[in-house]
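Read through the structure below, which is laid out as structure tokens, and then see the notes.
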2 protein chains.
Amino acid sequence: MDKKKNISMAVIKRLPKYHRYLQELLKNDVDRISSKELGEKIGFTASQIRQDLNCFGDFGQQGYGYNVKDLYNQISLILGLNKEYKGIIIGAGNIGQAIANYSRFSQVGLNIGAIFDANPKLIGMRIRDIEIEDIDLLKNYLRENIVDIGIICVPRINAQKVCDVLVENGVTGIWNFAPVDLSVPENVTVENVHLSESLLTLIYLLHDKDESNL
Amino acid sequence: MDKKKNISMAVIKRLPKYHRYLQELLKNDVDRISSKELGEKIGFTASQIRQDLNCFGDFGQQGYGYNVKDLYNQISLILGLNKEYKGIIIGAGNIGQAIANYSRFSQVGLNIGAIFDANPKLIGMRIRDIEIEDIDLLKNYLRENIVDIGIICVPRINAQKVCDVLVENGVTGIWNFAPVDLSVPENVTVENVHLSESLLTLIYLLHDKDESNL
């Protein structure tokens, strides 16, 4: 995979979509597909698809198209889905519980090892066989366990503090659901899910459409 | 707001972030801020900020900067936050319940009017004073109530079907949490929250970093 240098974020953000569509094709027993057909399904142009996949290596053959299974496996490898990732959830409110309950994530190798919360009413409760632990035990847990991904689902006001504890104890992947931009050192990767921003974008587009119709 | 034409999606996607930071500044009693300071906070350049805000009108004054309250109010107006939006949730699983419980959304004018599910165990349950209704009643509800935003939290296999019912009954805003790309007519706006794709992006970036460190 020598080509895998300086891939733009735009391409990276499209890879999961390729992965999802190819998984779908596999389920429907489709053996091969042309970049044109794949493009029509996903809503990209054939040339964009060829260009994207070309960033990672030479897939597909002129006149034959892509072997769906090969391409799926390759993209899974590129995405790093051949490994297991250990995650912990901090904050067992609605979003934290939803994430803990979402079985889909284990299919891509994310295993939730522990869930922490500060609320005495939640501590001791079980979500899918994992007991919610007191957040005061977080530091100890991190010293004794290797954690790849810290999933931050605490209120915004506590998010940076929790993030700092994670980072100080060697966690380099943060999946952040708190509506705040976290400060982290360069070696730490943060992926945000900002629900409010998504909602505001939708509202803007709806409102904008209303105004254009006046 | 004559300038508000052909705004790029990139600028639109940044507006909620401006809104969030300005809200924060207001809370901290900051009266005015220069594009440089605002840029440092948000992580954009001063020139990007001036360029973005200039798409919507002439804010700010040379040498003075922006009046925080005015700018916040203007951006709220641009985003369409001066109105109320009626939303309904379809699918009262983990994500659906999380959305229903998230009080933050009502602050931006989204009021959840009803929640529907197909699961007899959930029907009749209450989330924040809203009783979960049988999904068979969805069509009737839509005929009798104006709904701005349909929030789709059903499993992927049912998402398009639910979306079609919403669209056929006049809903033009879809907030989609199902891991599927919905087909909708041109007059309908879809905003997706694809959690799996966000997770895969994070895993890719972690995996990629690991490889670079070898």
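In what follows, chains carry the letters A, B, and so on, assigned in the order in which the sequence lines appear, proteins first and then strands, with residues in each chain numbered from 1. No hydrogens, no waters, no symmetry mates; every other heavy atom, side chains included, goes into these values.
- Proximity to chain A (any heavy atom under 4.5 Å) is shown, for B:Gln107, by neither the backbone nor the side chain.
- Looking at every heavy atom in both residues, B:Leu206 comes nearest to A:Thr172 through CD2-O, 3.5 Å.
- In B:Lys17, the NZ atom is crowded: over 12 heavy atoms of neighbouring residues, nucleotides or ligands sit closer than 6.0 Å.
- By the side-chain hydrogen bond (donor to acceptor under 3.5 Å, both in side chains) test, B:Asp117 is found to be paired with no residue, residues two or more places apart in sequence or in another chain being considered.
- Comparing B:Ser196, B:Gly87, B:Ala100 by how many heavy-atom pairs each has under 4.5 Å with chain A, the most go to B:Ser196.
- Just one residue in the list A:Leu195, A:Leu199, A:Asn94 forms a side-chain contact (heavy atoms from CB on, under 4.5 Å) with B:Ile99, and that residue is A:Leu195.
- Contact count against chain B (heavy-atom pairs under 4.5 Å) is highest for A:Pro179 among A:Gly173, A:Pro179, A:Gly109.
- Contact record, A:His19 with B:Leu200: ND1-CD1, 3.8 Å, taken as the closest heavy-atom pair.
- The only member of A:Arg20, A:Arg104, A:Lys13 that meets salt bridge (charged side-chain N to carboxylate O under 4.0 Å, His left out) when paired with B:Glu197 is A:Arg20.
- With a 4.5 Å cut-off on non-hydrogen atoms, A:Lys83 touches chain B through its side chain but not through its backbone.
- Checked by atom type, the side-chain pair B:Ser198/A:Glu191 shows a donor-acceptor distance below 3.5 Å.
- In terms of heavy-atom proximity, A:Met9 sits nearest to B:Thr201 at CE-CG2, 4.0 Å.
- For residues 124-131 of chain B, a heavy-atom distance under 4.5 Å to chain A picks out no residue at all.
- Around NZ of A:Lys27, the count of heavy atoms belonging to other residues, nucleotides or ligands within 6.0 Å exceeds 12.
- The number of heavy atoms from other shown groups lying within 6.0 Å of NZ (A:Lys41) does not exceed 12.
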- Task: Applying side-chain contact (heavy atoms from CB on, under 4.5 Å), run through B:Ile203 and A:Leu79 and close with a yes or a no.
- Result: CA-CA 7 Å; B:Ile203 288 179; A:Leu79 281 168; 5.6 Å; no
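- Here B:Tyr102 pairs with nothing under the side-chain hydrogen bond (donor to acceptor under 3.5 Å, both in side chains) rule; sequence neighbours left out.
- Contacts with chain B were tallied for A:Asp181, A:Asn101, A:Ile12, A:Val108; A:Asp181 has the most, counting heavy-atom pairs under 4.5 Å.
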- Message: Determine whether A:Thr189 and B:Leu202 satisfy the following criterion, side-chain contact (heavy atoms from CB on, under 4.5 Å), listing intermediate values before the conclusion.
- Response: CA-CA 7 Å; A:Thr189 305; B:Leu202 176 60; 3.8 Å; yes
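- For A:Lys36, the NZ atom counts as loosely surrounded, since its 6.0 Å shell holds 12 or fewer non-hydrogen atoms of other residues, nucleotides or ligands.
- Nearest approach of A:Asn82 to B:His207, heavy atoms of both residues: OD1-CE1, 4.3 Å.
- Proximity to chain A at a heavy-atom threshold of 4.5 Å picks out B:Asp148, B:Ile149, B:Arg156 from residues 148-158 of chain B, in numerical order.
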